[in-house]
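To start, the structure itself, in structure tokens.
Position 1 is the first residue of the sequence; numbering continues from there. For clarity, every value in this text was computed on a predicted model and none was experimentally measured. Just so you know, ligand 1 is whichever comes first in the structure, and atom 1 is the first atom listed for that ligand.
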Amino acid sequence: MKVFKFGGASVKDAAGVRNLANIVQTQGQNTVVVVSAMGKTTNALEALVRAYVSQQRNLIDTHLQDIQTYHTNIISELSGDFSKVDTTFAGLETYLRKPPIGSYDEIYDQIVSLGEVISTQIVAAYLTETGLSARWADARQLICTDATFREGRVDWETTNQRIKQAVSQNNTTITQGFIGQTSDGRTTTLGREGSDYTAAIFAYCLDAESVTIWKDVPGVLNADPKWFDETVLLEKITYQDAIELAYYGATVIHPKTIKPLQNKSIPLFVRSFMEPEKPGTVIGAFEQHLSIPSFIFKVNQVLISLHPNDFSFIAEDNLSRIFGQFADAGVKINLMQNTAISFSVVVDNNPDRVPNLLAQLKQNFRVTYNDGLELITIRYYDQSTIDRVLVNKKLLLEQKSRYTVQLVVRDLG
Ligand code: ASP
Ligand code: MG
């Protein structure tokens, strides 16, 4: 049994859906196929959530229309019975007509999760039409999580039982990435880009022979071609290196994906859906760590420095309070550094979360911050690679460990 995962970019149009079908037909019989929402649907649904929570009727209607038209256009170029998609949209319309109840994050999950429901309904209907025995499975019935909306934590025991029971080895199962459900039946999501993680959950529970993530890049590169001119395809990566790269923000794989696979020594392939005959990258239990530096680049970073208002030091008591506030605000720390009387962190400048956090922190600390920064992480660095990335940048903070350096910079460019 194998697990395939197709991201939003791979099914952004009808040609993508046909290409997926082709790959599944030729390489993926008896496979669990995990699919994300089509194209940028998740972003569009996020906008719909904002409109709904603030009850802006016109905006709700335009966003819903746009999302519906986008999918209808894709369907119109494919053959199959797509009636389930209409049912999903009808359910969404009914939901949006009622006044919002529950927390923002809970509402978010009820709405945003439908991107995956719709994409898999389309893919399953099309695969069936092409003659493949494709079974649509509802991941909400299989992946059981706690009620941490937008970042559901998996209940492995229940999930394991359900997946083992539901997935048969003898046909192709189409299911949704990214979504799950609480034990009392409310939909949750696993965090943005969480479909990779779903693939790993299925693979873990089924003792799969491998996972393949089909992407719009040839495999894992040592840097994102969006920012770097010269990139190298990494053919083999150890689980450890892959975890570190993903953790520091290499967007090619969701960070939670690797650990479950490592536990069961399940190899993870990252391959191009444009060139499905090429081998891509394999992540597995190899001896040899990467031999060239890898670069991870994050923009829109904010450096927040906290200075106690009283004469206290930055010690355990202050730190535990600070971490508690970050956790409550749902803000992840990308880098931290402290001196006796100040504590600095670098985080993504998320407009939904950071302003609230700053307001909280200001109750106990003098807070200074610098926004518009970049965070560059180099794994297996040397001085010449550092010098190269610092051209035309002002260095604000640097942190080195044995294998990894992180540089917080302002672009002077
Ligand atoms: N559709 C979700 C997102 O865009 C999950 C995923 O793509 O992995 O975040
Ligand atoms: Mg996506």
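Two rings, from Trp227 and Phe295, have their centers 6.0 Å or more apart.
In the vicinity of Ser36, heavy-atom distances shorter than 4.0 Å reach the ligand 1 atoms 6 (C), 7 (O), 8 (O). Atom numbering of ligand 1 starts at 1 in the shown order; those under 4.0 Å from a heavy atom of Phe178 are 2 (C), 5 (C). For ligand 1, the atoms closer than 4.0 angstrom to any heavy atom of Arg192 are 3 (C), 4 (O), 9 (O).
Judged purely by distance below 3.5 Å, without hydrogens or angles, the side chains of Ser103 and Asp105 never pair a donor atom with an acceptor atom.
Residue contact annotation: Glu116 has a non-hydrogen atom under 4.0 Å from ligand 1. Within the 4.0 Å heavy-atom shell around ligand 1 one finds Gly194.
For Thr368, the side chain to side chain contact (heavy atoms under 4.5 Å, CB included) partners at least two apart in sequence or on another chain are Ser305, His307, Arg366. For the side chain to side chain contact (heavy atoms under 4.5 Å, CB included) test, residues two or more places apart in sequence or in another chain that qualify with Asn334 are Lys298, Gln301, Asp348, Leu375.
Considering backbone and side-chain N/O atoms, Ser195 comes within less than 3.5 Å of an N/O atom of ligand 1.
The two residues Met336 and Gln399 come nearest to each other via the heavy atoms O-NE2, 2.7 Å.
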